[in-house]
K.L.:
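Below is a structure I'd like to ask you about.
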Amino acid sequence: MHVVVPKPLRTFGRHPLAALVLTLAGLAAQPTAAEELAKNLFGAKTLPAVAAPQSIGFYSKGCFAGGVAIPLDGPKWEVMRPSRNRRWGHPTMIALIEKLSRDAAADGWPGLLVGDISQPRGGPMLTGHASHQIGLDADIWLTPMPDRKLSINQRENMSATLLVDEKTHLVKDAIWVPAHMRLLRRAASYPEVERILVNPGIKKKLCDTVKGDRAWLRKVRPFWGHDYHFHIRIGCQPGSPNCKRQDATAPGEGCDKSLDWWFTEEPWRPNKNPDRPKARDVMTMASLPAECQAVLDGPDPASAEVVTYYGDGVAVAAATTAPVLAAAPPPARASVSGTGALPASVNAFAATPEIGIPLPRPRPGN
Ligand SMILES: [Zn+2]
């Protein structure tokens, strides 16, 4: 078997040959328990750890306890790709999606198709995202919920509509409607939401067309992908002392040179090092915050049902149970403030550190 070694062979992690070893995954010896990949351990968990809700670590390197699920169906949402079991999040995230579904419906959006949130205990995933690890990220499709209920089969297989032309990176005007703008504006309106990731073409469309109040455009950040869904990221929540916030970036609408960069050739150059493994594919438990081992070892709830969030007024069972971690006081149930000014301390609009200044590299999922 001939193995092409990427040139130059970059160091990855502590071991310069790790990248090469991973290209030989099929031939490599099984890792010992201590080196078991975190994505396998977290990917195998079907239920959250019963504990007070707590996000640990960073969006792209962490886990969470006390997660709750959004039901597969709600009055104004449907969960897509249910077999992935990624409908889990911090209670505040789940409550926010439920609230967005109602508010968006009032704005004229028929309902949300909910994409990936997190695995039951977060952590790195077997496929897909770099982030979504601490229960504070969620993907929402830019396709409205159809007026007929989707079958499970349709939810697994239905294709999404790409809103952006892959060559020009501009929004397809034939399918972009004002309701898309209103949906994004509504999502950005919540104080909990720090960032919304969209394709650069969508950001440009907003920059070119939004009238009146444009302050919310600060939260809407261009990123690779995100041409059929948008990504909502909320900030670290109370009770999560080990949740790592994002760094702040300069204020502004972001309709400037930083956006122009996306319409140059540079961000879209082919990846020079396609075999370089993604961070989520090499993380072991040693890569994650130490508390994530306790999350992994935490007790299961009696069922998914008892940790499913049914909206305002319905208690979430997990929050009433003894925490497994030395955690902060559990909220009786999630609450989302729909109004109110952004507190000065909220570190919104921050850059995503693992990305930094984007370089022509493999497009991270999100
Ligand atoms: Zn996402």
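None of the values given here were measured: they were computed from a predicted structure. In each ligand, atom 1 is the first atom listed, and ligand 1 is the first ligand listed.
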K.L.:
From the N, O or S atoms in Asp139, identify the one nearest to the Zn ion (ligand 1).
P.N.:
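It is OD1, the N, O or S atom of Asp139 closest to the Zn ion (ligand 1).
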K.L.:
Picking from Arg182, Arg186, Arg185, what satisfies side chain to side chain donor-acceptor pair (under 3.5 Å) with Asp107?
P.N.:
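Of the listed options, the one satisfying the test is Arg186.
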K.L.:
Does any non-hydrogen side-chain atom of Met181 lie less than 4.5 Å from one of Val210?
P.N.:
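The answer is yes, as the side chains (C-beta and beyond) meet within the 4.5 Å cut-off.
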K.L.:
Among all residues two or more places apart in sequence or in another chain, which pass the ring pair (Phe, Tyr, Trp, His ring centres under 6.0 Å) test with His169?
P.N.:
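Result, ring pair (Phe, Tyr, Trp, His ring centres under 6.0 Å) vs His169: Trp268.
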K.L.:
Between the Zn ion (ligand 1) and His132, which N, O or S atom of the residue is the nearest one?
P.N.:
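Going by distance to the Zn ion (ligand 1), the closest N, O or S atom in His132 is NE2.
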K.L.:
Under the disulfide bond (SG atoms under 2.5 Å apart) rule, what pairs show up with a residue in residues 165-231, not counting sequence neighbours?
P.N.:
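Output for this query lists Cys207-Cys255.
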K.L.:
So which of the N, O or S atoms of His231 lies nearest the Zn ion (ligand 1)?
P.N.:
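Answer by atom name: ND1.
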